[in-house]
Amino acid sequence: MKTLQWAAVLLSMAALSAQAAELKMGYVNTERIYREAAPAIAIQKRLDKEFAERRNELKKMEARAKELESQLAKSSLNSDDRKRYEREYAALDRDYRAKGRELSEDFNQRRNEEFASVQERANRALKQIAEREQYDLILQDVVYVNPKYDLTPKVLKELER
């Protein structure tokens, strides 16, 4: 489906080649907006704080796993202690994997929810720029674009307001 959309865009651009001198185009880098925009930075800090406790819990589990590994590496362990450490290690490993998956899923869901508002604000800002400066075409997330068409700094500036 995307191939057909790109083909339509390219055909439209080819048809407009006679009017190319009049065509005003621009580009915006969404990933850069997500990295550098003040609202995006604030969201990232808020998410880091929100998930810090769960990340610390995983770090503690990692530390305990390393302790158990070093205990299991000792050849002087008796059979009962070795079995106990192996069981604890296996349970810790299961717990760690489950909590890690859960944390990752929860973090991604919250990040997507929060960044949807940044995307919406960026799109509004971009539309205002397009209307104010009379752009005919603005592209997002392309493989290559000449830097002279990059509107990302303007969008970042708008989002700072």
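Not measured: the values here are computed from a predicted model. All residue numbers in this chain count up from 1 along the given sequence.
With sequence neighbours excluded, the residues forming a side-chain contact (heavy atoms from CB on, under 4.5 Å) with Asn108 are Ser104, listed by chain and number. Every residue two or more places apart in sequence or in another chain that forms a salt bridge (Lys or Arg N to Asp or Glu O under 4.0 Å) with Arg64 is listed here: Glu67, Glu88. Residues forming a salt bridge (Lys or Arg N to Asp or Glu O under 4.0 Å) with Lys99 (at least two apart in sequence, or on another chain): Glu57. Asp136 pairs by the salt bridge (Lys or Arg N to Asp or Glu O under 4.0 Å) definition with nothing, not counting sequence neighbours. The side-chain contact (heavy atoms from CB on, under 4.5 Å) test applied to Asn78 returns Asp80, Asp81, not counting sequence neighbours. Phe115 is linked by a ring pair (Phe, Tyr, Trp, His ring centres under 6.0 Å) to Tyr34, counting only residues two or more places apart in sequence or in another chain. Considering only residues two or more places apart in sequence or on other chains, Phe51 meets the ring pair (Phe, Tyr, Trp, His ring centres under 6.0 Å) condition with Phe107. Qualifying side chain to side chain donor-acceptor pair (under 3.5 Å) partners for Glu105, counting only residues two or more places apart in sequence or in other chains: none. Asp106 is linked by a salt bridge (Lys or Arg N to Asp or Glu O under 4.0 Å) to Arg54, counting only residues two or more places apart in sequence or in another chain.
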Q | Stepwise salt bridge (Lys or Arg N to Asp or Glu O under 4.0 Å) test for Glu113 and Arg110 | A | CA-CA 5 Å; Glu113 290 168 0; Arg110 287 283 294 122; 3.4 Å; yes
Evaluation steps, side chain to side chain contact (heavy atoms under 4.5 Å, CB included), between Leu58 and Tyr96:
CA-CA 7 Å; Leu58 286 175; Tyr96 178 84; 3.6 Å; yes
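Leu47 and Arg111 get closest at one heavy-atom pair: CD1-CA, 3.7 Å. When all heavy atoms of Ile33 and Ala40 are compared, the pair lying nearest together is O-CB, 3.8 Å. In plain terms, the two heavy atoms of Ala65 and Leu92 that are nearest each other are N-CD2, 3.4 Å.
Atom-to-atom distance recorded for Arg46:CZ and Gln44:CD is 10.5 Å, nearest 0.5 angstrom. The CZ atom of Arg87 sits 8.5 Å away from atom CZ of Arg84, with the distance rounded to the nearest 0.5 Å. Atom-to-atom distance recorded for Glu50:CD and Arg55:CZ is 10.0 Å, nearest 0.5 angstrom. Atom CG of Leu137 and atom CG of Leu23 lie 6.0 Å apart (nearest 0.5 Å). If you take CD on Glu131 and CG on Leu126, they are separated by 10.0 Å, rounding to the nearest 0.5 Å.
Put simply, the residue from Gln119, Arg35, Gln140 that forms a side-chain hydrogen bond (donor to acceptor under 3.5 Å, both in side chains) with Thr30 is Gln140.
Applying the ring pair (Phe, Tyr, Trp, His ring centres under 6.0 Å) test to residues at least two apart or on different chains, none of the pairs has a partner in residues 52-95. Applying the ring pair (Phe, Tyr, Trp, His ring centres under 6.0 Å) test to every pair with at least one member in residues 117-161, sequence neighbours left out, gives no pairs at all.
Side-chain N or O atoms of Arg82 include one that pairs as donor or acceptor with a backbone N or O of Lys74 at under 3.5 Å.
Side-chain heavy atoms closer than 4.5 Å link hydrophobic residues (I, L, V, M, F, W, Y) into clusters, and following such links, possibly through other members, connects Ile138 to Ile129. Under the 4.5 Å side-chain heavy-atom criterion for grouping Ile, Leu, Val, Met, Phe, Trp and Tyr, Leu139 is not connected to Val28 through any hydrophobic cluster.
Leu72 is listed as a side-chain neighbour of Glu86, based on a closest heavy-atom distance under 4.5 Å. Side-chain contact check for Arg124 versus Arg121: some heavy-atom pair is nearer than 4.5 Å.
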Which pairs of donor and acceptor atoms, one on a side chain in residues 150-161, lie under 3.5 Å apart (sequence neighbours left out)?
| residue | atom | partner | partner atom | Å |
| --- | --- | --- | --- | --- |
| Asp150 | OD1 | Thr152 | N | 2.9 |
| Asp150 | OD1 | Thr152 | OG1 | 2.6 |
| Thr152 | OG1 | Asn29 | N | 2.7 |
| Lys154 | NZ | Glu133 | OE1 | 2.6 |
| Lys154 | NZ | Glu133 | OE2 | 3.3 |
| Glu158 | OE2 | Arg132 | NH2 | 3.1 |
| Glu160 | OE2 | Ala38 | N | 3.4 |

